[in-house]
Protein chains: 2
Amino acid sequence: MEPSAKDHILSSWQDTLHSHGFRVTRPRQQVMEIITSSTTALTPQEIYHKSLEGERFPGIASVYRTLELLDKLGLIQQIHQPGGCHGIWPTVEGHNHCLICRNCGQMKIIEGNEDITGYIARIENQTGYRVDDHWLQFFGTCSGCLD
Amino acid sequence: MEPSAKDHILSSWQDTLHSHGFRVTRPRQQVMEIITSSTTALTPQEIYHKSLEGERFPGIASVYRTLELLDKLGLIQQIHQPGGCHGIWPTVEGHNHCLICRNCGQMKIIEGNEDITGYIARIENQTGYRVDDHWLQFFGTCSGCLD
DNA sequence: TCCTTATTGATAATAATTATCATTATCAGT
DNA sequence: ACTGATAATGATAATTATTATCAATAAGGA
């Protein structure tokens, strides 16, 4: 069986841990497994509660510690939503944005190929700010929830 | 002396409270004063701590209650940032975006006149989502911090 | 000014996150 | 495979943030 995209992320995360001298422990694997399996951005508490479904599960402190580590290594990012801040999602390479279903929370990462350089230049002129980054997020309804 | 933009917002907020049958109390006025005077988006705790500088100040519960009320009336919105979620900022009419200085936190609201309708249409085709809203935020350095 | 009652302040209760430390388990080096 | 040094864990205490409770207070119409 061909390795799935999820398996690929998981093994690359484990490589990153090893190459930085961190151990690949069972609690860390469980947290990483949950994050990479999810179709929605999860909060730390949600990740912890999902882990309870398993036979053995990490303590809540280890969940927080693992998230802190993954964040420090740049492997995850925090997703912000109007009604529920700071969901966790794997970091994706390159410039991209997220698309969130308001109904079921399902998230998709989309390639950021919009051209707003002209808009940014105008903002810089008007405000005197130097702009070095932006967030673009889309909200709507996914195809499953539209039916 | 000409009434400032802040005074204008403040009196319109008070009108909104009155017209919805809510009382304009001292604690509410203090919270509204702090929000409208700030150049950065503030968290509930930050608003409370600023209020302590005054001679009389609201209890922490009243700060939360006032924020809940202002939010329900649509007078404030929550601003999300990578390192400090849920700052409070007055709602601005129309379609607009915010520009935040990563250094000092100073915030500006900018008119949303970018055209990303083509981009949105492409996203809808690719993903099957129906997109009904978006967030666009810019991060950078303000003119004061550039010097 | 008085009266009704919405609102407050003080604080208890709940929830979320971080810190502490003895015990456990990873994994590099045999 | 086995062993040992120590990174990491689990359990829990401490801290912080938010929400709920209720008697006392004050806003604002009559």
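Worth knowing before you read on, the calculation uses all heavy atoms, side chains too, and leaves out hydrogens, waters and symmetry mates. Every chain is numbered from 1 and lettered A, B, ... according to where its sequence line falls, protein lines coming before strand lines.
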Student: Is the phosphate of C/dT7 approached by B/R65 (side-chain N or O, under 4.0 Å from OP1 or OP2)?
Tutor: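 No, no such contact exists.
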Student: Look at the side chain of B/F22 and decide which nucleotide, out of C/dT7, D/dG10, C/dG9, has an atom nearest to it.
Tutor: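 For the B/F22 side chain, the nearest candidate turns out to be C/dT7.
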Student: Check the hydrophobic clustering (I, L, V, M, F, W, Y; side-chain heavy atoms under 4.5 Å; chains of links allowed) and say if B/L69 and B/I47 are grouped together.
Tutor: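 Linked within one cluster.
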Student: CZ of A/R28 versus P of C/dT26: gap in Å, rounded?
Tutor: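 Distance check: A/R28 CZ to C/dT26 P gives 11 Å.
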Student: Starting at the 5' end of DNA chain C and moving along, which residue's nearest nucleotide shows up first, A/A61 or A/H49?
Tutor: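 Residue closer to the 5' terminus by nearest nucleotide: A/H49.
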Student: How many Å lie between CD1 on B/I47 and P on D/dA17, as a whole number?
Tutor: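 That distance rounds to 14 Å.
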Student: Would you kindly give the CD1-to-P distance between B/I60 and C/dA15, to the nearest whole Å?
Tutor: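 Atom-to-atom, B/I60 to C/dA15, this comes out as 19 Å.
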Student: Taking the six-membered ring for Trp, are A/W135 and B/F138 ring centroids under 6.0 Å apart?
Tutor: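 Between A/W135 and B/F138, the centre distance exceeds or equals 6.0 Å.
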Student: Round to the nearest Å and state the distance from B/L69 atom CG to C/dA6 atom C1'.
Tutor: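 Whole-Å distance recorded here is 12 Å.
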Student: I need the CD-P distance between B/Q45 and C/dA16, as an integer number of Å.
Tutor: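 Roughly 16 Å, once rounded to whole Å.
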Student: Check the distance between C/dA10's P and B/F57's CZ and give it to me in whole angstrom.
Tutor: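 Checked: the CZ to P distance equals 8 Å.
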Student: Strictly by modelled atom types, are B/Q29 and B/T25 linked by a side-chain donor-acceptor pair under 3.5 Å?
Tutor: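 Note: B/Q29 and B/T25 side chains miss the donor-acceptor criterion.
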Student: Mark yes or no for whether B/S38, through its side chain, and B/I34, through its backbone, hold a donor-acceptor pair below 3.5 Å.
Tutor: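 No: the side chain of B/S38 does not pair with the backbone of B/I34.
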Student: Which whole-number value in Å describes the distance from A/Q29 CD to D/dA8 P?
Tutor: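 Distance check: A/Q29 CD to D/dA8 P gives 14 Å.
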Student: By the 4.0 Å heavy-atom rule, please label B/Y48 as base, sugar-phosphate, or nothing.
Tutor: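 Nothing: the residue B/Y48, judged by heavy atoms under 4.0 Å, touches no strand.
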Student: Of the non-hydrogen atoms in B/R28 and B/T66, which two are nearest, and what is the gap between them?
Tutor: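 Smallest heavy-atom distance, with atoms named: CG-OG1, 3.6 Å.
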Student: Starting at CD of A/Q30 and ending at P of D/dA8, how long is that distance when rounded to a whole Å?
Tutor: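 That distance rounds to 16 Å.
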Student: Between B/I9 and B/I110, is there a shared hydrophobic cluster once you connect ILVMFWY residues whose side-chain heavy atoms come closer than 4.5 Å?
Tutor: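 As far as the 4.5 Å side-chain criterion goes, B/I110 and B/I9 are not connected within one cluster.
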Student: Report all interatomic pairs (protein N or O, nucleotide N or O of nucleotides 24-27 of chain D) with separations under 3.5 Å.
Tutor:
{"residue": "D/dA27", "atom": "N3", "partner": "B/R23", "partner atom": "NH1", "Å": "3.2"}

Student: Any side-chain to backbone donor/acceptor pair from A/T127 onto A/I123? Under 3.5 Å, distance only.
Tutor: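 Answer holds: yes.
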